[in-house]
A.B. asks: 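Mind having a look at this structure? Questions to follow.
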Amino acid sequence: MSEVAGSKEGGETACRTVHIDTSVQVERCKSLRRREKIENALAVFGFRSTSSYAKLEFKRAWLRRLSYLYHASQQVARDDELIEFINDRLGSHPGHRRSLTTCLEGIVAFLSRIDESLSPGVRLIRLQSHIRYAILGAYKWWDCSVTHEYAGTRCKRASEQPREFLDGRIDVSIPNCRRNKIECGIHRFFEQNKDIFIKVKDRIIALGDKASAELTRAADIIQIAEDNPEILCDNQTCAKLGDALIAVDGSAMECFAANNDKEWQLLSEVLGKELLNPVRSTMHNRPS
Amino acid sequence: MSELNCFEITGGATAEAQPIVAQTMGAPDYSPSVRGYDSTLTIDANGEAAQVSRPAPSHASKDAHGILDQLLLRRAIEIVDSFEGCDVIDASVNLESLRGIVTQLWNSAVGSTRFHQDILAGLESGILSIEVPTPGQLSVIREALTDLSQKVLTQAHVEIIRSEFVSRGFSPLALLSNTEAGEDSE
């Protein structure tokens, strides 16, 4: 592992290519200070790609939770009632913990900017406007943040951008996908890249107990999909293969950029890529 | 492989993006040509093909029942115009004043339309996330302020301003994730 210089290394690197995972894309739209560090690390790459499947994860992990926050903000009269409202509904259920965390982080981030000269009612309108602006502008930001988006899985749900109805409601829903009504190309994508997926599976199995839970789940799914790729045409199943799908989608790139090293070290080794973690400023060299 | 990324007026890589129709709704003081687009221009998902279409009659006018504080807006535009040639200290002072004005604009924005509120949110998100604005950023900030002084705005105004903010490097999600306390927590 080596430290990454935070600036461009010269003209020769201008055409270097990197494939960016959801974990880095999420960090890229965060605070200026964190973003600057990441952008500097990515600046050495003249061509930056991501995967449409990463966009689906982004939508699921962040935009959908912001949408819940938006909906919740419409149920209260003052901004200071919002945290209590969300806590009441999400706080007691362990399965909602991550959603709760995202919502609370969003509110806290926003409240840190609050101006006490505004009344609670005005602040609530302000918060709602910002959430709406964030959700509806997110796909534009995503598109502008990369040079190219691979869409090997032809994920229909990723292509459905958030939209606003005339009555002000926002649609960030991700309807279920079912094998009896296939609308994407994930099964064909798997078939076309079956050899790579099997290599990933074999490497995960070789890791044994050292493999993360996410990788172990991915290996199980690959095992089943080897004989029946259409099993992947189900939103609950394909989600378990997330990082592997994103990595294989960007296999033409020289380098991967991710912030979840446990999974991506293995994926980059199998696919013979360098791994950059621009959040921690570390680089794992390409395996020889 | 999808097509190479290009800037899209209506956003998103999907070909299913709905066309956005810019409308003037008969506002006498509104001059869309100044903005560089036709008042009945339909912008497709690629931001290229354009055709004349008749706007839906009720969409924009339904919410148009208030305007923002014009004095504050004029003051904000004066400040934006004062950035040219100023040093770092002046820029910082100007930006802080601008932030104060934008905050106060929310008082009048409550009685305005959703379109005004969306543009104001974009403007506020932008000016809160920069320290020294570039000329390009100032340009879109000024454009947003000019839009906000209009009585009638449409979804097209919001889409255009949102796109311009994004293309100038502003993240629409920054303000909702800007937790300084968590900066170095990893």
Side-chain angles (χ1 to χ4, degrees), chain A residues 26 28-35 52 55 62-63 66 69 105-110 112-113 115 117-119 121-123 125-126 128-152 158-164 166 168 252 259 279-280, chain B residues 1-18 56 58-59 62-63 99-100 103-104 106-107 109-110 114 116-122 124-125 128-131 155 158-159 162-163 165-167 169-184 186:
Chain A
V26 166
R28 288 180 79 192
C29 48
K30 286 192 171 178
S31 73
L32 267 184
R33 196 145 62 94
R34 173 171 280 170
R35 205 171 77 204
S52 61
K55 189 159 73 179
W62 201 353
L63 301 188
L66 283 181
L69 183 57
E105 279 179 0
I107 299 170
V108 169
F110 187 79
S112 70
R113 297 286 197 181
D115 187 312
S117 68
L118 299 176
S119 70
V122 174
R123 293 200 306 248
I125 295 288
R126 182 178 175 229
Q128 287 170 349
S129 305
H130 276 282
I131 300 172
R132 195 167 57 235
Y133 179 80
I135 293 172
L136 297 173
Y139 263 45
K140 282 186 174 63
W141 174 84
W142 183 278
D143 292 340
C144 287
S145 69
V146 289
T147 325
H148 179 67
E149 182 180 293
Y150 286 99
S159 72
E160 295 168 345
Q161 60 182 314
R163 60 187 180 138
E164 185 180 18
L166 288 179
N259 188 31
V279 182
R280 295 174 203 273
Chain B
M1 185 184 294
S2 62
E3 70 277 12
L4 287 179
N5 179 58
C6 60
F7 190 69
E8 296 178 346
I9 297 297
T10 55
T14 172
E16 298 171 3
Q18 296 298 308
S58 61
H59 182 70
K62 191 170 68 176
D63 289 332
R99 287 169 180 160
T103 299
Q104 292 310 306
W106 281 106
N107 285 317
V110 169
R114 184 181 299 276
H116 286 86
Q117 292 166 1
D118 284 354
I119 291 178
L120 185 57
E124 186 172 46
S125 180
L128 284 175
S129 66
I130 50 174
E131 288 175 10
Q155 184 64 33
V158 178
E159 293 289 335
R162 188 186 281 136
S163 294
F165 270 111
V166 170
S167 71
F170 294 111
S171 161
L173 292 141
L175 204 59
L176 289 162
S177 56
N178 201 1
T179 46
E180 298 297 326
E183 287 270 295
D184 303 313
E186 287 190 64

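Quantities reported herein were computed from a predicted structural model and do not represent experimental measurements. Note on naming: letters A, B, ... go to the chains in the order of the sequence lines (proteins, then strands), and numbering restarts at 1 for each one.
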A.B. asks: Chain B heavy atoms under 4.5 Å from A/Leu63: which part of the residue, side chain, backbone, both or neither?
C.D. replies: side chain
A.B. asks: Tell me the closest heavy-atom pair linking A/Gly137 and B/Arg162, and the distance in Å.
C.D. replies: CA-CD, 3.3 Å
A.B. asks: Counting C-beta onward and ignoring hydrogens, is there a side-chain heavy-atom pair between A/Lys140 and B/Pro172 closer than 4.5 Å?
C.D. replies: no
A.B. asks: So which atom in A/Trp141 and which in B/Phe170 form the shortest heavy-atom distance, rounded to 0.1 Å?
C.D. replies: CD1-O, 4.1 Å
A.B. asks: Can you name the nearest heavy-atom pair linking B/Gln117 to A/Ser129, along with the distance?
C.D. replies: CB-OG, 3.3 Å
A.B. asks: To the nearest 0.5 Å, tell me how far A/Glu164 CD sits from B/Gln155 CD.
C.D. replies: 5.5 Å
A.B. asks: Closest heavy-atom contact between B/Ala174 and A/Arg35?
C.D. replies: CB-NH1, 4.2 Å
A.B. asks: List the residues meeting side chain to side chain donor-acceptor pair (under 3.5 Å) with A/Trp62, not counting sequence neighbours, and say none if there are none.
C.D. replies: none
A.B. asks: If you tally heavy-atom pairs under 4.5 Å against chain B, which of A/Val122, A/Val26, A/Leu69 wins?
C.D. replies: A/Val122
A.B. asks: Under a 4.5 Å heavy-atom cut-off, does chain B meet the side chain of A/Gln128, its backbone, both or neither?
C.D. replies: neither
A.B. asks: In terms of the angle between their ring planes, are B/Trp106 and A/His130 parallel, tilted or perpendicular, with boundaries placed at 30° and 60°?
C.D. replies: tilted
A.B. asks: Please state whether the side chain, the backbone, both or neither of A/Leu66 comes within less than 4.5 Å of a heavy atom of chain B.
C.D. replies: side chain
